[in-house]
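All remarks here apply to the structure that follows.
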Amino acid sequence: MTTIWTIARNTFREAIRDRILYGLLAFALLLIGTSVALADLSIGQQQRLVKDIGLGAISLIGVLMAVFLGITLVSREIERRTVYTILSKPIHRYQFLLGRYLGLVATIGVNVVVMGAGLAALVLVKGWWHPNLLAALLLVTEELLVVAAIATLFSSFTTPTLAAIFTLGLFVVGHLTGTLRTLAERAPEAATRAFAAALYYLLPNLEAFNVKGRVANREAVSLLEVGLASGYAALYLVAVLALAVVVFERRELR
């Protein structure tokens, strides 16, 4: 574990020095601040707009961070040829990959805390605070960790460009799994129903983490719902990272 934490710490230090990261963070905070001006243009909808835009900005910027940092976890080290030096030491490939992922998790976590604190401060000042905002931020974070794991998987065997395309594609599909479920239930042919059902269970169900609209409309988010989503995130993370380790262990590094 010491080796994994050491790699994670170095990955985190490397990530927080990336200027693109600060640009995305500044843009997110700007969007959150701008939401107040936009909300003033809408009579009676100020609270909903501020929370909706704020949570949407955190989710969008967080996904960009997870994808564009995650897809270079392995490829950057291969391009620099530092991976050969690292793996020539008594370090297993799984330790390297998990360490890189945990460093990315720390980076995402810090940035979500900063963006979430900005939104929470704004909501508190306006007198619109509600505990369900914390639930929304937690679920957004869990969604980002799943996306980061998917990016890590693709980075373990393909190029950054393809990894970005695949990860963003799965992110979009992950919010459309309800359509697959409907198809699995209503398709006239048994083969189609079986195929749609298989895709529904294999692909990430990112809608399980999407409560932003409900929080913006001041609807309740139950602890049971948060717990089920958290359990699903944990299981999916373990499965994706295990697959990433298997793939990376078998990859021929050149």
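None of the values given here were measured: they were computed from a predicted structure. Heavy atoms only: backbone and side chains are in, while hydrogens, waters and symmetry mates are out.
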* Asked: Is Val146 close to Tyr232 at the side-chain level, that is, under 4.5 Å between some pair of heavy atoms?
  -> no
* Asked: Do side-chain atoms of Asn111 reach the backbone of Thr107 as a donor and acceptor pair under 3.5 angstrom?
  -> yes
* Would you give the length of the straight line joining atom CG of Leu206 to atom OH of Tyr236, rounded to the nearest 0.5 angstrom? => 8.0 Å
* To do: Applying side-chain hydrogen bond (donor to acceptor under 3.5 Å, both in side chains), name anything that partners Arg214, two or more places apart in sequence or on another chain.
  => Glu225
* Co-membership, hydrophobic cluster, residues Tyr201 and Val173, 4.5 Å side-chain -> yes
* Structure fact -> Apart from Leu224 itself, members of its ILVMFWY cluster (side-chain separation under 4.5 Å) are Leu228
* Could you tell me whether the side chain of Arg218 reaches within less than 4.5 Å of the side chain of Trp128, counting heavy atoms only? => no
* Quick one: CD1 on Ile58 to CE on Met115, what's the gap to the nearest 0.5 Å? -> 6.0 Å
* **Point-to-point distance, once rounded to the nearest 0.5 Å, from CZ of Phe171 to CG of Leu144** => 8.0 Å
* **Student check: side-chain heavy atoms of Val245 and Arg93 closer than 4.5 Å** => no
* To do: Using a 4.5 Å cut-off on heavy atoms from C-beta on, say whether the side chain of Leu55 contacts that of Leu133.
  => yes
* Asked: Got a sec, which residues hit side-chain hydrogen bond (donor to acceptor under 3.5 Å, both in side chains) with Ser230, two or more places apart in sequence or on another chain?
  -> Glu142
* **Side chain proximity check, Pro204 to Ile150, heavy atoms < 4.5 angstrom** => yes
* To do: May I have the step-by-step check of side chain to side chain contact (heavy atoms under 4.5 Å, CB included) for Val226 and Val211, ending in yes or no?
  => CA-CA 10 Å; Val226 174; Val211 296; over 6 Å; no
* **Set of residues satisfying side chain to side chain contact (heavy atoms under 4.5 Å, CB included) with respect to Phe166, sequence neighbours excluded** => Phe154, Leu162
* Is a side-chain N or O of Ser156 found less than 3.5 angstrom from the main chain of Leu153, in a donor-acceptor match? -> yes
* Connected via hydrophobic side-chain network under 4.5 Å: Leu138 and Trp129 -> yes
* Asked: Going only through I, L, V, M, F, W and Y residues with side-chain contacts under 4.5 Å, is there a path from Leu124 to Leu119?
  -> yes
* To do: Run the numbers on Phe96 and His92 for ring pair (Phe, Tyr, Trp, His ring centres under 6.0 Å), then give the verdict.
  => CA-CA 7 Å; Phe96 171 77; His92 296 287; over 10 Å; no
* Are Val113 and Val63 grouped together when hydrophobic residues (ILVMFWY) are joined by side-chain heavy atoms under 4.5 angstrom apart? -> no
* Please assess Leu243 against Phe248 for the test side chain to side chain contact (heavy atoms under 4.5 Å, CB included), listing each intermediate value before the final yes or no. => CA-CA 9 Å; Leu243 180 58; Phe248 189 55; over 6 Å; no
* **Carboxylate-amine/guanidinium contact Arg100 Glu14, below 4.0 Å** => yes
* **Contact check, side chains of Ile16 and Phe12, non-hydrogen atoms, under 4.5 Å** => yes
* To do: Step through the shown structure and confirm whether more than 12 heavy atoms of other residues, nucleotides or ligands are within 6.0 Å of CZ on Phe157.
  => yes
* **Pairing residues for Thr177 by the side-chain hydrogen bond (donor to acceptor under 3.5 Å, both in side chains) criterion, not counting sequence neighbours** => Asn205
* Close side-chain approach of Tyr101 and Ile7, heavy atoms under 4.5 Å -> no
* Honestly curious: do Met65 and Val114 fall in one hydrophobic cluster under the side-chain, below-4.5 Å linking rule? -> yes
* Testing Leu97, Ile71, Val240 for side chain to side chain contact (heavy atoms under 4.5 Å, CB included) with Thr152, which one passes? -> Leu97
* Measure from the side-chain N and O atoms of Thr158 to the backbone N and O of Ser155, and report whether any donor-acceptor pair falls under 3.5 Å. => no
* Structure fact -> Applying side-chain hydrogen bond (donor to acceptor under 3.5 Å, both in side chains) to Asn210 and not counting sequence neighbours gives Glu207, Lys212
* Check: His130/Glu219 side-chain N/O donor and acceptor closer than 3.5 Å -> no
* Trp5 side chain near Leu102 side chain, heavy-atom distance below 4.5 Å -> yes
